[in-house]
Student: 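Pasting in a structure now, in structure tokens, and then I'll have a few things to ask.
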Number of protein chains: 2
Amino acid sequence: MPKSKYESIYKDLKLKIESGEFPQGELLPSENSLIPQYECSRNTLRRAIARLVTDGYVQTIQGKGVRNIFIPVDQASFAIGSIESFKESASRNRRAGSTQVLRFVEFTADSRVAARTGFSEGAELYYIQRVHSLDGKPLILNHNYFLKSAVPGLTAEIASRSIYEYLENTLHMTIVNSKRVMTVEKITQIDEKYLELDVNDYNCLAVITSHTYNSDGVMFEFTQSRHRPDYFRFQDNALRRPAIP
Amino acid sequence: MPKSKYESIYKDLKLKIESGEFPQGELLPSENSLIPQYECSRNTLRRAIARLVTDGYVQTIQGKGVRNIFIPVDQASFAIGSIESFKESASRNRRAGSTQVLRFVEFTADSRVAARTGFSEGAELYYIQRVHSLDGKPLILNHNYFLKSAVPGLTAEIASRSIYEYLENTLHMTIVNSKRVMTVEKITQIDEKYLELDVNDYNCLAVITSHTYNSDGVMFEFTQSRHRPDYFRFQDNALRRPAIP
DNA sequence: TCACTTAACTTGTTTGAACAACTTTAAGAT
DNA sequence: ATCTTAAAGTTGTTCAAACAAGTTAAGTGA
């Protein structure tokens with residue numbers, strides 16, 4: 001149940017592209033031919049197409065049309081430019097995901113934690129350490145910090161299922177954006193233990209550090225995700241913009 | 001010389017945010033107060049703000065306003081959700097970048113290369129192997145494949161400066177979007193040699209594989225970038241969208 | 001004082017229109 | 001036949017307007 005018209009058009013076009021209804025590499029029907037189909041204004045249709053562009057599904061060419069450049073992805077992958085929980089990723093890839101909570105503590109941020117996470121000193125936080133497994137294989141070791149005032153009532157039981165589901169469906173919080181930084185770091189003993197890694201094999205892993213904001217503009221989550229290197233895969237679609245003069 | 005009005009407004013607001021003209025964490029002036037300043041329509045202003053949202057600079061909150069959530073980045077970083085050449089990254093970070101061309105060959109894609117790169121079999125290609133250094137330290141080992149028909153006249157000399165500058169300024173090609181996949185891979189002997197790495201230290205590196213398209217919708221470049229892990233840093237801003245039902 | 005309602009102000013969505021810029025096709029002149 | 005020009009069709013930008021939806025503050029009543 002999409003709330004807006006352009007969003008339902010976007011989803012419909014996306015589905016048709018994914019299902020191969022529009023030939024790959026060819027031009028889509030022109031705006032003027034799509035407008036009567038969707039019974040919308042030109043602006044609304046163009047808004048839907050603009051999102052397909054940022055998704056890397058199509059390419060608009062002035063004077064010519066809109067080219068379908070969709071390439072299906074076969075491998076399991078995470079986080080295609082959008083925020084996705086582990087549970088959502090698992091179900092999207094049709095795999096059996098499970099989560100084990102290693103630690104669940106409540107504490108107050110000191111200066112060291114504040115500097116590292118971006119929370120203010122003295123903030124009441126949850127710290128949660130979890131391992132996400134896919135088909136029984138541990139893939140991700142997560143260190144989550146949640147702002148207690150923004151995420152009240154969090155429990156280890158909820159953390160073992162899906163925190164995002166709790167945030168959105170129970171607390172009715174709206175997650176909006178997430179600033180992420182990807183790096184490669186050396187394996188720690190903790191990684192080695194819980195991700196069942198062997199230093200003689202891989203001695204590093206992929207680390208995604210993220211600051212996440214809700215619709216009130218409050219940074220309520222800081223997370224460090226440590227990914228098994230041999231299963232880590234991160235997709236992206238970048239748009240080239242005029243260089244800064 | 002921005003060609004469009006919304007783009008110049010976007011750049012102006014971006015500059016004001018970066019320079020701290022708008023207090024961090026606070027709301028920006030409302031649309032109705034900005035419209036007379038920029039002498040534009042509401043749609044045009046909103047379009048500029050929409051880009052600031054995707055950049056992760058601001059956060060719009062319905063009924064309240066637009067919150068400045070910009071956090072300055074101190075460390076050198078590459079490719080913030082946009083396509084950027086090594087030369088541009090270096091100059092943005094005010095560092096001295098240099099490029100060494102290791103190999104420059106022309107060849108025809110066989111079935112193996114076609115499968116790996118996505119080019120069609122029999123396509124005439126350039127293969128270029130380069131090392132990018134920052135302040136004399138080798139950081140990136142690049143394997144580039146360019147479609148000869150789309151990028152004619154490429155030489156090793158051009159490759160040692162900036163290929164993108166040649167594409168955009170000489171060939172007047174417009175680069176549009178790039179599909180990227182990030183993974184972590186084990187170091188090869190070639191990596192070890194040219195990136196001056198020690199297997200006993202790090203034994204993996206960050207790999208970015210990208211398919212890049214021009215404004216004609218032609219995939220003209222396939223590149224594998226192998227990054228020194230201790231200097232690799234990739235930034236991103238992700239937007240949460242309603243989950244697929 | 002307190003709770004409720006209303007009004008004002010904010011961003012979000014949709015429509016319609018006009019013109020610009022670019023590409024392709026068709027028509028015309030040589 | 002060939003080149004030039006014009007027209008039609010495409011996406012790109014900008015404007016103006018109206019209403020919806022959410023937040024805040026002021027006002028009103030008890």
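Below, chains carry the letters A, B, ... as their sequence lines are ordered, and counting in each starts from 1.
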Student: Just say parallel, tilted or perpendicular for the rings of His143(B) and Tyr127(B), cut-offs at 30° and 60°.
Tutor: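 Ring orientation, 0 to 90° scale: parallel.
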Student: Below 4.0 angstrom from OP1 or OP2 of dT14(D), is there any side-chain N or O of Ser41(B)?
Tutor: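 No, Ser41(B) has no side-chain N/O under 4.0 Å of OP1/OP2 on dT14(D).
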Student: Measuring from atom NZ of Lys148(B) to atom OG1 of Thr108(B), what distance do you get when rounded to the nearest 0.5 angstrom?
Tutor: 7.5 Å
Student: Say you draw a straight line from CG of Leu34(B) to CZ of Arg42(B); how long is it, rounded to the nearest 0.5 Å?
Tutor: 12.0 Å
Student: Tell me the interatomic distance from Lys5(A), atom NZ, to dA20(D), atom P, rounded to whole angstroms.
Tutor: 14 Å
Student: To the nearest Å, give me how far apart CG (Asn43(A)) and C1' (dA18(D)) are.
Tutor: 14 Å
Student: Rounded to whole angstrom units, what separation is found between the NZ atom of Lys3(B) and the C1' atom of dT11(D)?
Tutor: 15 Å
Student: Cation over ring, Lys5(B) on Tyr38(B), under 6.0 Å and within 45°?
Tutor: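 Verdict for Tyr38(B): no cation-pi partner in Lys5(B).
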Student: Between Glu157(A) and Tyr166(A), is any side-chain donor less than 3.5 angstrom from a side-chain acceptor?
Tutor: no
Student: Between Tyr6(B) and dT13(D), does any side-chain N or O lie under 4.0 Å from OP1 or OP2?
Tutor: yes
Student: Fit a plane to each ring of His211(A) and Phe222(A), take the angle between them on a 0 to 90° scale, and name the class: parallel (under 30°), tilted (30 to 60°) or perpendicular (over 60°).
Tutor: perpendicular
Student: If only side-chain N and O atoms of Ser4(B) are considered, is one of them under 4.0 Å from the OP1 or OP2 phosphate oxygen of dG12(D)?
Tutor: no
Student: Distance from Gln224(A) atom CD to Asn144(A) atom CG, nearest 0.5 Å?
Tutor: 10.5 Å
Student: Can you check the Asn32(B) CG to dA16(D) P distance for me, whole Å?
Tutor: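 So the CG-P distance, Asn32(B) to dA16(D), works out to 13 Å.
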Student: For DNA chain C, which nucleotides open and close the run of contacts to chain A, 5' to 3', at under 4.0 angstrom from a non-hydrogen atom?
Tutor: dT13(C) to dT24(C)
Student: Using whole Å, report how far CZ of Arg46(A) lies from C1' of dT14(D).
Tutor: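 The distance from CZ of Arg46(A) to C1' of dT14(D) comes to 12 Å, rounded to the nearest Å.
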Student: Which is more 5' along DNA chain C, the nucleotide nearest Leu28(B) or the one nearest Arg42(A)? Just name the residue.
Tutor: Leu28(B)
Student: Could Arg51(B) and Asp55(B) be called an ion pair, given the rule that one side-chain N must be under 4.0 Å from one carboxylate O?
Tutor: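 No.
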Student: Determine whether the side chains of Tyr57(A) and Glu18(A) contain a donor N or O and an acceptor N or O closer than 3.5 Å.
Tutor: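 Per modelled atom types, Tyr57(A) and Glu18(A) side chains form a pair under 3.5 Å.
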Student: Find the distance Tyr10(B):OH to dT13(D):P and express it as a whole number of Å.
Tutor: 14 Å
Student: Which of residues 56-69 of chain A sit near DNA chain D, with a heavy atom under 4.0 Å from it?
Tutor: Thr60(A), Ile61(A), Gln62(A), Gly63(A), Lys64(A), Gly65(A), Val66(A)
Student: Provide, to the nearest angstrom, the distance between the CD atom belonging to Glu7(B) and the P atom belonging to dT13(D).
Tutor: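 Roughly 8 Å, once rounded to whole Å.
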Student: Just the rounded figure in Å: distance from C1' of dT14(D) to OH of Tyr38(B).
Tutor: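 The answer, rounded to whole Å, is 17 Å.
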